[in-house]
Each structure stands twice: as structure tokens, then as C-alpha cells.
Colleague: 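Before I ask anything, here is the structure I am working with.
All values below were derived from every heavy atom in this structure, side-chain atoms included, with hydrogens, water molecules and symmetry-related copies excluded. Because the structure is predicted, anything quoted here is derived from the model rather than measured.
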Amino acid sequence: MTVRVHGTCAPGFDCVREEFVRNFTERDDVGAAVAATVDGAFVVDLWAGDADRAGTRPWQRDTLVNVYSTTKGLTALCAHLLVNRGELDLDAPVARYWPRFAQAGKAEIPVRWLLSHRSGLIAPGEPLGPGAVYDWEKVTEALAATAPWWPPGTAQGYHAVTFGFLVGEVVRRVTGVSLGTFLRAEVTGPLGADVFVGTPSSEHGRCADMMSARGGSGSSTLAPLAEPPVRGLDDHPMAPITLAFGYLPLGDVNGAAYRSAEIPAANGHATARGLATVYGELACGRLLAADTVERLRTPQGGAGEPDLVLRAATPLADAWSWGLGFMPNQFGQAGTNPRAFGHGGAGGSYAFADPENRVSYAYTMNRMGAGTSGEDLRSVHLVGALYKGLKELGASGSLAPAWKRPG
């Protein structure tokens with residue numbers, strides 16, 4: 001199989017290009033891009049493959065693609081910008097900013113529990129049905145009225161879809177604008193980063209189609225539940241994960257309604273270059289103060305605390321630990337620095353910042369894989385090659401003095 005790769009690699013990073021080619025020849029990529037920066041300068045900016053199932057639209061430098069939960073890192077960033085400005089207190093009750101949230105025993109839940117998946121609100125109290133995920137007011141009103149599925153603060157459980165509505169509504173209450181509008185006005189617009197939560201219809205022509213495999217449809221993620229599970233987390237081992245996804249089904253992820261909606265946990269559309277630009281600013285200390293960065297990447301749960309939702313999907317959940325809206329680098333998925341942080345998405349997209357080494361990275365793709373479960377090796381190989389190049393160039397003195405060897 002011949003792969004035509006476009007873009008550039010700085011000297012010393014050809015190993016990343018080689019792994020990128022292998023993603024197509026050995027790991028079944030269809031269309032993808034990878035980008036990385038050191039000290040804010042791009043050292044990798046590559047793309048290849050097809051943006052559609054029929055193979056009629058080549059992937060371009062500006063191809064946008066749905067990055068699923070990689071969106072969560074961008075949503076968390078918006079909250080931390082407000083923390084950085086003194087406009088949001090992580091330890092204040094959510095109800096201070098969103099009064100109706102105090103219903104159903106939630107008056108004392110602090111903001112930090114929303115960001116760390118500890119509020120117990122993995123789903124609304126009842127299934128909202130197809131299309132509800134596009135109705136911001138309907139979803140947030142339902143969540144405000146919902147009693148937590150477990151005692152808040154006592155356990156962590158991935159808020160797969162609700163994370164974006166919960167954190168996004170707090171951002172909206174503080175700023176007066178939607179999460180996607182705030183992100184664009186305060187971060188991605190000024191940086192010229194091709195990243196959207198709520199993609200304008202004028203940009204839909206640049207969007208790649210998601211697919212389950214080469215030639216597969218990939219038109220939806222998880223179907224609505226035919227029979228909702230009984231309320232309670234222990235009635236069935238799959239109950240938490242079906243609650244987290246099934247009560248707010250995403251529907252057609254290649255449709256205009258999905259692309260234009262703001263679903264800040266799941267439907268960011270971005271280029272790899274755009275994500276690497278945002279994380280590059282974090283890596284270089286230009287978006288948030290150092291103490292804010294330190295806080296957001298500090299694990300919030302106990303050592304070895306299982307994730308009540310993800311334990312049904314991956315054995316890694318038995319040792320999972322969330323930061324404040326970000327995934328700490330527990331398993332080396334973000335390179336050799338254990339202090340790196342970022343977020344991955346269903347299917348395989350991933351982006352992170354490594355502040356100690358002033359490195360950022362992003363990978364985007366349209367062929368769904370195993371994502372963050374540990375079985376999808378496409379990004380793992382790219383990150384490994386990136387740090388191999390960094391280590392060799394750092395040892396030879398070929399990198400800028402500001403770069404420090406990983407570890």
C-alpha cells in the first residue's frame with residue numbers, strides 16, 4: 001500500500017513520519033493528521049488519507065474532524081481560564097453560579113466535582129430521547145432536576161456526555177455566552193486555531209466523515225436504549241456505561257445538526273494543528289498561570305480508585321485517576337513525562353501538553369478504533385516516535401536550550 005503523506009517534519013523527526021505511514025499500512029487508518037510543537041514551534045505537521053468513506057475527498061491541511069471526548073480538555077480549559085481570572089471558584093457550590101442546580105440534594109456539590117467526574121450526574125434522571133442532545137436548555141434543566149446516581153464526592157465515574165453540559169452551563173452562567181462562543185472568542189480565535197465546539201455551517205464542507213472501519217458507515221455512536229436500565233449502579237455490570245451514553249444518545253455524528261450543536265463533552269471539530277496550537281500555549285505557560293496548571297493536572301481521587309463507568313469498558317479503569325477535566329499521564333500515553341496532561345476521545349483522537357519539556361501533541365483521525373482503552377496503538381506509536389526524536393536531538397544539543405530531556 002502506497003501512502004502519500006503531506007506536510008512537514010523538522011530534522012530529527014522522520015521517525016514520526018515513519019510511524020504515521022505505518023498507521024495506514026499496518027493499523028488501518030483511513031484519514032488522519034498529527035501535529036506537535038516544541039517551544040511553540042511546529043516540529044511535526046502531517047496529514048494523509050481520505051476524508052470520506054468513498055475516497056473522493058483527500059484529507060487536507062485544514063480538514064476538520066470530530067474528536068469526541070478530546071473536546072473535554074477544551075471545555076475544562078474554559079473553566080480554568082475563569083478560575084485563573086478569579087471569576088470561578090473551584091470549591092464554591094455549583095449552585096452559586098447556577099441556582100437551579102441546587103435541586104435534588106445537590107446544593108453543596110462544588111465546581112471541582114463537575115470537572116473531576118465526581119458529581120454522580122452521569123445521566124439525566126430519565127432518558128431524554130433522540131435529538132434532545134441538541135437542545136441545551138432541555139438537557140441542562142433535566143440535569144438540574146436530577147438526583148445524583150451515587151453520593152457525590154464519594155466515587156468517580158466518567159461523565160461521558162453530561163460533563164460538557166454541566167461544565168458548559170457553569171461557564172455560560174459566569175460569562176453570559178455559550179461554551180463554544182467563549183472558547184472561540186478567548187482561545188481558538190485569537191490563536192488562529194482551527195477548533196470549534198459548535199461548528200458553523202460554513203465550515204461543514206471541511207469536515208471528515210467518521211467511520212467504524214474502512215468503508216463502514218460510522219453514522220452513529222451508540223443507539224438509544226430499547227429498555228432503560230433500572231436506576232442504580234449495581235443492578236447490572238454494564239448499567240453505568242449504558243446510563244452515561246444511552247440517556248443522551250448522540251445520533252448521526254456526520255449530520256449537520258450534530259456538527260452545528262454545542263455538545264462540549266463530545267463534538268468538538270478540529271484539525272490536529274489547531275489542537276496542538278492550543279496545547280502548545282498551555283505547554284509554554286501562555287494561557288494559564290503555573291499554579292492553575294499544577295492544580296488542573298493533580299489527580300482528584302484516591303490511589304487506585306476505580307472509575308464506576310469506565311470499569312465496564314476497560315481494565316485500565318481500575319487504576320484510573322482524573323485531574324480537573326484532564327487525563328493525567330498515568331500510562332505513558334502522553335510520552336515520558338508523568339506530569340504531562342491532556343485528553344483523548346472515542347475512536348482514537350488525542351491531544352496533550354508537556355509543560356516541563358514545552359511540548360504539545362495532537363492526533364486526529366476518522367476511522368474509529370478502540371480509543372483510550374489501551375488497545376488502539378496508533379497514537380501510542382506516534383507519541384513514542386516524537387519522544388524518541390526529542391531525546392536524540394536533546395542529547396546532541398540540536399534543540400533549543402529551553403527544551404529539557406523527558407523525565
Side-chain angles (χ1 to χ4, degrees), residues 72 75-128 132-133 135-179 182 228-235 239-240 243-244 247-248 262-265 292 295-296 298-302 305-309 321-326:
K72 289 183 174 71
T75 298
L77 171 59
C78 291
H80 289 294
L81 281 171
L82 297 176
V83 171
N84 212 51
R85 297 173 184 178
E87 298 176 33
L88 180 63
D89 183 348
L90 291 172
D91 294 311
V94 174
R96 174 187 296 180
Y97 309 101
W98 179 8
R100 290 181 63 79
F101 186 84
Q103 300 175 76
K106 302 194 300 299
E108 301 304 319
I109 291 178
V111 173
R112 73 167 59 242
W113 288 356
L114 300 187
L115 285 158
S116 55
H117 302 271
R118 304 183 71 82
S119 74
L121 293 170
I122 57 173
E126 300 292 340
L128 297 187
V133 74
D135 187 335
W136 187 271
E137 295 296 334
K138 182 174 184 177
V139 175
T140 54
E141 281 296 303
L143 291 172
T146 295
W149 291 87
W150 65 82
T154 64
Q156 60 180 2
Y158 189 46
H159 290 44
V161 183
T162 58
F163 177 94
F165 289 101
L166 294 166
V167 177
E169 181 66 3
V170 171
V171 170
R172 188 178 77 87
R173 295 276 175 159
V174 173
T175 65
V177 298
S178 71
L179 185 288
F182 182 77
V230 177
R231 187 178 182 89
L233 293 178
D234 298 320
D235 299 307
L243 277 168
Y247 275 29
L248 275 173
E262 291 194 22
I263 310 171
T292 304
R295 187 185 305 116
L296 68 82
T298 300
Q300 299 296 296
E305 179 184 4
D307 184 290
L308 299 182
V309 174
S321 186
W322 292 102
L324 290 168
F326 292 91

Colleague: Would you mind reporting whether Lys106 and Pro148 have side-chain heavy atoms less than 4.5 Å apart?
Modeller: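 Of all side-chain heavy-atom pairs linking Lys106 with Pro148, at least one is under 4.5 Å.
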Colleague: Over 60° means perpendicular and under 30° means parallel, so tell me whether His117 and Trp322 are parallel, tilted or perpendicular.
Modeller: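 His117 and Trp322: tilted rings.
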Colleague: Would Leu82 and Phe182 count as a side chain to side chain contact (heavy atoms under 4.5 Å, CB included) here? Give the steps.
Modeller: CA-CA 11 Å; Leu82 297 176; Phe182 182 77; 3.8 Å; yes
Colleague: Can you tell if the side chain of Leu324 reaches within under 4.5 Å of the side chain of Arg295, non-hydrogen atoms only?
Modeller: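 Leu324 reaches Arg295 side chain to side chain.
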Colleague: Throw together a table of side-chain donor-acceptor distances under 3.5 angstrom for residues 164-172, partners on residues two or more places apart or in other chains.
Modeller:
residue : atom : partner : partner atom : Å
Glu169  : OE1  : Trp136  : NE1          : 2.8
Glu169  : OE1  : Arg172  : NE           : 2.8
Glu169  : OE1  : Arg172  : NH2          : 3.4
Glu169  : OE2  : Arg172  : NH2          : 2.8
Glu169  : OE2  : Arg173  : NE           : 2.8
Glu169  : OE2  : Arg173  : NH2          : 3.2

Colleague: Taking only residues at least two apart or on different chains, which pairs with a member in residues 149-162 satisfy salt bridge (charged side-chain N to carboxylate O under 4.0 Å, His left out)?
Modeller: none
Colleague: Between CD1 of Ile122 and CG of Leu243, what distance do you get to the nearest 0.5 Å?
Modeller: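 The distance works out to 5.0 Å.
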Colleague: Give the minimum heavy-atom separation between Ala145 and Ala104, together with the two atoms involved.
Modeller: O-CB, 3.7 Å
Colleague: Kindly write out the residues that satisfy salt bridge (Lys or Arg N to Asp or Glu O under 4.0 Å) with Glu108, not counting sequence neighbours, or none if the list is empty.
Modeller: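 Checked Glu108 against salt bridge (Lys or Arg N to Asp or Glu O under 4.0 Å); zero matches.
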Colleague: Decide yes or no on side chain to side chain contact (heavy atoms under 4.5 Å, CB included) for Phe101 and Leu114, but give the supporting numbers first.
Modeller: CA-CA 12 Å; Phe101 186 84; Leu114 300 187; 4.1 Å; yes
Colleague: By side chain to side chain donor-acceptor pair (under 3.5 Å), which residues pair with Ser178, not counting sequence neighbours?
Modeller: Thr181, Glu262
Colleague: Taking atom CG of Leu88 and atom CG of Leu115, what is their separation to the nearest 0.5 Å?
Modeller: 8.0 Å
Colleague: Mind checking side chain to side chain donor-acceptor pair (under 3.5 Å) for His159 and listing every partner two or more places apart, or none if nothing turns up?
Modeller: Ser119
Colleague: Starting from the C-alpha separation in whole Å, work towards a yes-or-no answer on side chain to side chain contact (heavy atoms under 4.5 Å, CB included) for Trp113 and Val94.
Modeller: CA-CA 9 Å; Trp113 288 356; Val94 174; over 6 Å; no
Colleague: List the atom of Gly301, the atom of Ser321, and the distance in Å for their closest heavy-atom pair.
Modeller: N-OG, 4.2 Å
Colleague: If I take atom CH2 from residue Trp98 and atom OG1 from residue Thr140, how far apart are they, to the nearest 0.5 angstrom?
Modeller: 5.5 Å
Colleague: Grab the two heavy atoms, one from Pro124 and one from Tyr247, that are nearest each other, plus how far apart they are.
Modeller: O-CD2, 3.1 Å
Colleague: From Leu179 CG over to Thr75 OG1, what is the distance, rounded to the nearest 0.5 angstrom?
Modeller: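 With rounding to 0.5 Å, CG (Leu179) is 4.5 Å from OG1 (Thr75).
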Colleague: Could you measure the distance from the CG atom of Leu77 to the CG atom of Leu81? Nearest 0.5 Å is fine.
Modeller: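 Rounded to the nearest 0.5 Å, the CG-CG separation comes out at 4.5 Å.
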Colleague: Do you know the tightest heavy-atom contact between Trp150 and Gln156?
Modeller: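 Of all heavy-atom pairs spanning Trp150 and Gln156, the closest is CZ2-C, 4.0 Å.
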Colleague: Write down the atom of Val161, the atom of Ala244, and the distance for their closest heavy-atom approach.
Modeller: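 Minimum heavy-atom separation between Val161 and Ala244: CG2-O, 3.9 Å.
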Colleague: Which pairs, with at least one residue in residues 85-97 and sequence neighbours excluded, count as a side chain to side chain donor-acceptor pair (under 3.5 Å)?
Modeller: Arg85-Glu186, Asp91-Arg112
Colleague: So, taking the atom named CG in Leu143 and the one named CZ in Arg100, what distance separates them when rounded to the nearest 0.5 Å?
Modeller: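 Interatomic distance, Leu143 CG to Arg100 CZ, rounded to 0.5 Å: 12.5 Å.
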Colleague: A side-chain contact here means heavy atoms from C-beta on lying under 4.5 Å apart; do Leu128 and Leu248 qualify?
Modeller: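 Yes, at least one pair of side-chain atoms sits under 4.5 Å.
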Colleague: Which heavy-atom pair separates Ala107 from Pro93 by the least distance, and what is that distance?
Modeller: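 Closest heavy-atom pair between Ala107 and Pro93: O-CB, 3.4 Å.
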